There are 2 protein chains.
Amino acid sequence: MTGQVRTVDGRVAGRRGQATRQKLLDCLSEMLSSSPYRDVKVIDVARKAGTSPATFYQYFPDVEGAVLEIAEQVATEGAALTELLEGRSWTGKAGWQTAQELVDGFLEFWRKNDAILRVVDLGAAEGDKRFYKLRMKILNSVNNSLADAVAELQAKGRVDKDVNPAAIAGSLVAMLAAVASHQKGFSSWGVKQAELKPNLALLVHLGVTGRKPTK
Amino acid sequence: MTGQVRTVDGRVAGRRGQATRQKLLDCLSEMLSSSPYRDVKVIDVARKAGTSPATFYQYFPDVEGAVLEIAEQVATEGAALTELLEGRSWTGKAGWQTAQELVDGFLEFWRKNDAILRVVDLGAAEGDKRFYKLRMKILNSVNNSLADAVAELQAKGRVDKDVNPAAIAGSLVAMLAAVASHQKGFSSWGVKQAELKPNLALLVHLGVTGRKPTK
DNA sequence: TCGGTAAGCTGACGTCATGACAGGACAAGT
DNA sequence: ACTTGTCCTGTCATGACGTCAGCTTACCGA
């Protein structure tokens with residue numbers, strides 16, 4: 001399934017080559033964290049990796065191509081987010097805890113990968129299919145689980161019929177992602193990190209179940 | 001208050017100059033809509049405006065500087081969003097209508113300015129103070145009004161005391177903005193525009209009042 | 001009508017990133 | 001040591017960046 005790693009001109013990459021390739025990806029990751037996406041240049045990434053620009057172009061068509069690669073790796077890690085929701089209950093006190101843990105886990109994941117996720121978000125918003133497929137892939141696990149939870153409650157008659165589970169789930173996930181991206185904005189608004197989380201959890205709980213949590 | 005428009009080298013811009021300046025801004029706006037931010041070059045903007053790159057640099061330090069200018073204009077328009085909430089009620093059927101109209105108005109505003117707002121969002125997420133101040137300025141009207149609404153209901157005892165109005169308002173606004181940016185993502189998820197809005201309104205209503213709307 | 005002055009624009013230039021190629025360096029097997 | 005295929009880089013043409021001096025245009029007072 002995982003096709004061999006190949007250079008742009010078709011050669012298969014060996015041990016050493018893969019190492020350089022990965023080093024370039026790592027350096028690019030770092031650069032994305034420390035400077036605006038618009039200003040990340042191939043030459044800087046190459047310098048940081050202790051190699052030449054030509055080497056970069058041997059492995060990636062351009063910066064965007066390398067970013068997609070990193071995002072792919074993040075997407076794989078992101079699959080683990082399902083565990084935050086797998087087999088959880090949304091009723092009673094357990095429901096409140098589920099919401100809290102989801103918020104916690106999600107924000108943590110976003111914080112750890114904020115630089116790359118920012119770029120994916122931008123690409124997706126700009127309408128680039130590759131990026132928004134990737135964004136879907138990353139958010140899929142959480143999104144599906146949430147939608148399932150809503151649909152299940154709906155089947156039991158505990159949530160109104162005219163609610164669209166996918167729309168609710170998607171909106172909640174978008175909210176989590178957006179808030180995670182702009183945490184600094186909140187703090188300059190007078191809302192502290194610690195205060196933010198329970199309020200987010202409240203919104204998630206309300207959205208999924210339609211009711212206030214019992215704490 | 002509104003300082004005169006000046007060129008980079010300090011001259012005051014006259015009628016003709018302001019026209020060129022505005023033309024450059026308009027062309028930049030268009031370019032942002034049609035190509036990725038990363039690929040927008042000064043030379044293209046200048047060409048599109050029927051002028052030379054040097055002229056661009058007479059009015060703006062770089063692309064980013066010009067973007068800030070456009071965003072400033074959008075922020076001014078954004079102040080009108082307050083009207084969506086000014087003097088509205090959040091109780092009974094009126095509450096449901098308030099939520100619907102807010103969602104409608106907000107999405108429309110975002111749709112009309114999506115290109116520039118995307119860039120502002122990116123800049124803010126990257127931690128650039130100028131951008132996230134601008135983002136706050138744009139969202140302030142809605143955010144404050146929402147926070148006030150929550151605080152008011154809270155004072156009446158209709159919302160729990162441990163809710164932080166600013167956090168709730170900020171999260172809801174972030175959600176609206178994020179969903180607006182990624183509407184295409186939803187449709188490829190099987191959620192239609194028309195279905196999305198009422199579900200968003202539901203979430204807003206739930207968030208503000210803590211209760212399901214009466215329709 | 002006629003300069004004078006400031007605004008407005010651009011050609012040209014040095015600098016730097018891009019992306020391609022050909023060829024040298026290197027490791028591994030024989 | 002020799003061959004083979006991988007891996008890296010020097011070099012180059014191209015084109016964007018950002019600056020400057022200098023030309024053109026518009027305005028204004030005499």
Side-chain angles (χ1 to χ4, degrees), chain A residues 2-32 34-70 119 123 128, chain B residues 2-28 30-32 34-69 119 123 130:
Chain A
T2 63
Q4 275 176 312
V5 180
R6 284 180 176 277
T7 58
V8 168
D9 56 338
R11 274 201 280 286
V12 292
R15 246 205 358 273
R16 192 151 74 105
Q18 295 212 17
T20 332
R21 203 181 112 102
Q22 190 57 49
K23 186 164 199 176
L24 284 167
L25 288 178
D26 292 344
C27 290
L28 173 55
S29 253
E30 266 188 71
M31 299 240 63
L32 287 175
S34 59
S35 40
Y37 179 45
R38 200 168 195 285
D39 298 342
V40 171
K41 307 287 180 199
V42 168
I43 197 171
D44 298 319
V45 177
R47 230 196 309 268
K48 199 178 181 82
T51 177
S52 83
T55 302
F56 182 96
Y57 287 107
Q58 194 140 66
Y59 294 106
F60 311 103
D62 49 24
V63 173
E64 207 185 33
V67 164
L68 281 166
E69 199 72 20
I70 300 177
V119 178
D128 186 312
Chain B
T2 62
Q4 279 175 311
V5 179
R6 284 180 177 278
T7 58
V8 168
D9 56 341
R11 276 201 282 284
V12 292
R15 248 204 357 272
R16 191 151 74 108
Q18 296 211 15
T20 341
R21 204 180 113 101
Q22 190 57 48
K23 186 164 197 177
L24 284 167
L25 287 178
D26 292 344
C27 291
L28 173 55
E30 265 188 72
M31 300 238 61
L32 286 175
S34 60
S35 39
Y37 180 45
R38 199 168 195 283
D39 298 342
V40 171
K41 308 290 179 195
V42 169
I43 199 174
D44 298 319
V45 177
R47 230 196 307 268
K48 199 179 181 77
T51 177
S52 85
T55 302
F56 182 97
Y57 287 106
Q58 196 143 67
Y59 294 105
F60 310 103
D62 49 24
V63 172
E64 209 185 31
V67 164
L68 281 167
E69 199 70 21
V119 178
R130 297 167 303 169

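Chain identifiers are assigned alphabetically (A, B, ...) following the order of the sequence lines, protein sequences preceding nucleic acid strands; residue numbering begins at 1 within each chain. These numbers come from a predicted model, not from an experiment.
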Engineer: NA contact type, F56(A), heavy-atom cut-off 4.0 Å: base, sugar-phosphate, or nothing?
Structural biologist: nothing
Engineer: Can you work out whether V63(B) or R11(B) has the more 5'-proximal nearest nucleotide on DNA chain D?
Structural biologist: V63(B)
Engineer: At under 4.0 Å between heavy atoms, what does T7(B) touch on the DNA or RNA strands: base, sugar-phosphate, or nothing?
Structural biologist: nothing
Engineer: Along DNA chain C, 5' to 3', what are the outermost nucleotides having an atom less than 4.0 Å from a heavy atom of chain A?
Structural biologist: dA17(C) to dC21(C)
Engineer: Starting at the 5' end of DNA chain C and moving along, which residue's nearest nucleotide shows up first, A54(B) or R16(B)?
Structural biologist: R16(B)
Engineer: Is the side chain of R38(B) donor-acceptor paired with the backbone N or O of V40(A) at a distance under 3.5 Å, no angle test?
Structural biologist: yes
Engineer: Taking Y59(B) as the fixed residue, which of V8(B), V5(B), L24(B) is the one that meets the side chain to side chain contact (heavy atoms under 4.5 Å, CB included) rule?
Structural biologist: L24(B)
Engineer: If you round to the nearest 0.5 Å, how far is CZ of R21(A) from CZ of F56(A)?
Structural biologist: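 Those atoms lie 10.0 Å apart.
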Engineer: For residues 52-63 of chain A, which residue pairs qualify under salt bridge (Lys or Arg N to Asp or Glu O under 4.0 Å), counting only residues two or more places apart or in two chains?
Structural biologist: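 Qualifying pairs, neighbours excluded: none.
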Engineer: Return yes if some donor-acceptor pair links the side-chain N/O of T7(B) with the main-chain N/O of R11(B) below 3.5 Å, else return no.
Structural biologist: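 Judged by distance alone, yes, a pair lies under 3.5 Å.
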Engineer: Go nucleotide by nucleotide along DNA chain D from the 5' end; which of Y57(B) and R21(A) gets its closest nucleotide reached first?
Structural biologist: R21(A)
Engineer: Specify the separation, in whole Å, of atom CD of Q18(A) and atom C1' of dC8(D).
Structural biologist: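 About 16 Å, once rounded to whole Å.
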Engineer: Looking at R15(A), I'd like to know whether one of its side-chain N or O atoms comes within less than 4.0 Å of OP1 or OP2 on dT6(D).
Structural biologist: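 For R15(A), the contact criterion (side-chain N or O under 4.0 Å from OP1 or OP2 of dT6(D)) is not met.
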Engineer: Please give, in whole Å, the distance from dC23(D) P to Q58(B) CD?
Structural biologist: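 Atom CD in Q58(B) sits about 16 Å away from atom P in dC23(D).
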Engineer: Working to the nearest 0.5 Å, report the span between CG of D26(A) and NZ of K23(A).
Structural biologist: 9.0 Å
Engineer: With heavy atoms under 4.0 Å as the rule, sort Y59(A) into base, sugar-phosphate or nothing.
Structural biologist: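 It contacts sugar-phosphate atoms only.
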Engineer: Expressed in angstrom and rounded to an integer, what is the separation of I43(B) atom CD1 from dT19(D) atom C1'?
Structural biologist: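 Result: 15 Å.
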